[in-house]
Amino acid sequence: MENSVRVRFAPSPTGYLHVGGARTALYNWLFARHVKGDFILRIEDTDKSRSTNEAIGEIIKSLRWLGLSWDEGPEVDGKYGPYRQTERLDLYAQEAKRLLENEKAYLCYCNPEELKERRELALKEKRTPKYDGRCRNLSPEEKIAFEKEGRKAAIRFNCPKEGETAVDDLIRGRVEFKNEALDDFIILRADGFPTYNFAAVMDDHLMKITHVIRGEDHLPNTPKQILIYQALEYEVPAFAHLPMILGSDKKPLSKRHGATSIEEFRKNGYLPEAMINYLVLLGWSYDEKTTLFSVDELIEKFSIERVSKNPAVWDPAKLEWMNGHYIRQMFVEELVDKVLPFLESTGLAKGINREWLKQVVILAQERMKILSEIVDWTDFFFKDVETEEKELREVFSTPEALRVLGLARDKLKELQEFKKAEIEKILRMLCEDMNLKPAKGLQPIRVAITGRKVSLPLFESIELLGKEKTLAKLDKTIETVKQLF
RNA sequence: GGCGCAUUCGUCUAGCGGUUAGGACACCGCCCUCUCAAGGCGGAGGCCACGGGUUCGAAUCCCGUAUGCGCUACCA
């Protein structure tokens, strides 16, 4: 298809994929899938000092985990590659040269230190810091003199000094910028590496990108880029600038606000479905009431027109709730698979029986918000959980409590059918005999079995634990409590 | 400092000239119940940032102000 939509996600590989980047990728991906266009992944690694191969690997891993597949890019290829900017250096140099010849750009021999000095001076004198254009009209002699000094030239874009440049943003509408406020910014560094505004324009053009969907932080860059498009006589794509994601203090989201990378969320037991669903709602809505969407529904329903203009505050609680929702919705077999690595990583659940585990997972499923919580819910099956002394004293503050344990031990020992129904029957009867409400009478048993006041359903847990371990735990707790009082 | 963007319950948001300003998370209460969840029902929570206009009528349109954020790099 010749005129079909092509969008891209273009991260710079300086670290893990953050939730903000993930959302940008998601919106691009949904937009592309919705119209059956192409989604391209491009690596913007022109900052040598900050880019790493590890980061590229991490970003790819996170995108794959989220299920955001790309049609062209690293590990996929396509006919507009390479998809890594450091492998496209000659392309940038070639077009920069063309701009030079057309006098749309010029060589600048000022070095970074000098520029920094002048900028700081301007700031100190309350002037607008801006390149003074001193290299704009250098004579050949002056250039030779600079070269003799050993100076390397960068290439600056010769910005129009009057008129204005308008961005027709799909989300924000028309935004106008006065050209006089623009700087003659550098497009090619002295070392031959392009800068962002130049490389992005060239690649978007060469890769036939039709819609540039990116963070709002790029909105002020857009007039500069449009000017480059025009200077190079490229067709200008459509733009859409997404609102920022902030922390609860309205500051840019950072470590202080908790987990921010997709990888962290994966490790902590979040599901990709939940991440996608939560992320999509951070700046987009379908109607006045729907909050839960499957990926297929999103592909069907997503539209740029309904993206919000406002920055959004990251809310971990809502993500957790949503993750719990998707856990509850899962088939048990699948949940067992997902939960197994978390149990194995504790080293407690070696050689675990899958059918048995399935029964346990059924009990835990509606109680888990994140996968890693499986460990706290089920650890008592694998070891004796030490109960805090304070809690022991509280639960066993009356003599009946200890008597309940003794009786429960005796009754359970005699039980032939160690099944939930039988267990429940005799324990309830026990409570009744002692004139205790079940809520009260079962609590000491719960603590003895699970080590906690809050646990999975007791009778099922006892059955799954088995007679031997159950009796052992009861005995142990009886001893502990006796010593305590 | 200059330029730009934004401003509806604590949070995410619906709303696109006339609504009792709707939903979700979180919070509170009740029901269910062996604890905790889940689920069901209900509640509290918004003078729609502020001030001016326009209009019979403004959360919705316009202009200011304030606040927040972004850009202002040989970062992206």
Side-chain angles (χ1 to χ4, degrees), chain A residues 10-12 14 44-47 49-51 108 110-112 115-116 119 122-123 125-130 152-156 167 169 171-172 175-178 180-183 185-191 193-197 199-200 214-224 241 243-244 246 248-252 278 281-292 306 308-322 324-325 328 363-369 377 424 427-428 431 437-443 445-447 450 452-459:
Chain A
S12 64
T14 57
E44 308 219 324
D45 58 346
T46 56
D47 184 341
S49 62
R50 295 196 306 148
S51 301
C108 173
C110 303
N111 63 42
L115 292 167
K116 193 174 174 222
R119 189 164 41 242
L123 242 23
E125 293 173 357
K126 305 234 164 166
R127 294 181 352 251
T128 299
K130 223 179 131 179
K152 291 269 197 183
I155 300 179
R156 276 185 192 275
V167 180
D169 192 277
I171 295 167
R172 276 147 229 283
V175 183
E176 294 175 344
F177 297 86
K178 292 198 171 39
E180 60 176 311
L182 265 26
D183 216 351
F185 55 95
I186 286 172
I187 57 175
L188 207 70
R189 299 179 176 96
D191 65 1
F193 273 56
T195 57
Y196 165 72
N197 281 309
R214 78 236 294 196
E216 197 205 320
D217 45 341
H218 291 298
L219 185 54
N221 282 321
T222 309
K224 299 181 194 173
H241 288 92
M244 300 275 109
L246 307 175
S248 50
D249 53 2
K250 308 278 173 109
K251 298 261 184 276
Y278 178 70
L281 254 21
L282 232 43
W284 174 85
S285 62
Y286 176 63
D287 58 17
E288 54 184 27
K289 53 179 180 291
T290 317
T291 55
L292 267 6
R306 289 195 63 85
S308 162
K309 296 195 247 289
N310 314 341
V313 172
W314 181 261
D315 181 5
K318 188 161 184 175
L319 206 211
E320 254 198 14
W321 163 78
M322 207 169 259
H325 166 82
R328 271 170 257 133
L363 299 182
Q365 183 165 23
E366 65 189 23
R367 275 159 257 264
M368 283 192 281
K369 288 204 286 291
W377 282 113
E424 174 161 10
L427 292 183
R428 281 192 188 281
C431 290
K437 282 186 188 163
K440 182 92 177 160
L442 295 173
Q443 213 47 3
I445 304 175
R446 182 188 314 283
V447 169
T450 69
R452 298 191 178 87
K453 292 197 294 184
V454 171
S455 78
L456 299 181
L458 225 209
F459 313 123

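Values reported hereafter were calculated over all heavy atoms of this structure, with side chains retained and with hydrogens, waters and symmetry mates removed.
- No N or O donor and acceptor, one from the side chain of A/Asp217 and one from the base of B/rA76, sit under 3.5 Å apart.
- With hydrogens and angles disregarded, a donor-acceptor distance shorter than 3.5 Å links the side chain of A/Arg172 to the backbone of A/His241.
- The side chain of A/Arg189 contributes an N or O atom lying less than 4.0 Å from OP1 or OP2 of B/rA76.
- B/rC75 and B/rU67 are spaced 28 Å apart, taking the C1' atom of each and rounding to whole Å.
- Of the side-chain N and O atoms in A/Thr46, one or more sit less than 4.0 angstrom from OP1 or OP2 of B/rA76.
- Using a 4.0 Å heavy-atom distance criterion, A/Lys369 is classed as making no nucleic acid contact.
- Between A/Asn221 and B/rG70 there is no side-chain N or O to OP1 or OP2 distance below 4.0 Å.
- The base of B/rC34 is paired with the side chain of A/Arg446 by a donor and an acceptor separated by under 3.5 Å.
- Counting any heavy atom pair closer than 4.0 Å across all strands shown, A/Ala181 reaches no nucleic acid atom.
- Note on A/Arg50: a base of the nucleic acid sits closer than 4.0 angstrom, heavy atoms only.
- In this structure, A/Ser455 reaches the bases: a heavy-atom distance under 4.0 Å links it to at least one base atom across the strands shown.
- Contact annotation: side chain of A/Lys318 to base of B/rA24, donor-acceptor pair present below 3.5 Å.
- Residue-level contact check: A/Trp377 touches the bases, meaning some heavy atom is under 4.0 Å from a base atom.
- No contact: A/Pro243 has no heavy atom under 4.0 Å from any strand.
- No contact: A/Leu188 has no heavy atom under 4.0 Å from any strand.
- In this structure, A/Cys110 reaches the bases: a heavy-atom distance under 4.0 Å links it to at least one base atom across the strands shown.
- Taking atom P on both B/rC41 and B/rG53, the two are 47 Å apart, rounded to the nearest angstrom.
- Contact annotation for A/Thr128: base contact, defined as any heavy-atom pair under 4.0 Å involving a base atom.
- Among the atoms of the strands shown, none is found under 4.0 Å from any heavy atom of A/His241.
- A salt bridge links A/Arg127 with A/Glu125: at least one charged nitrogen is closer than 4.0 Å to a carboxylate oxygen.
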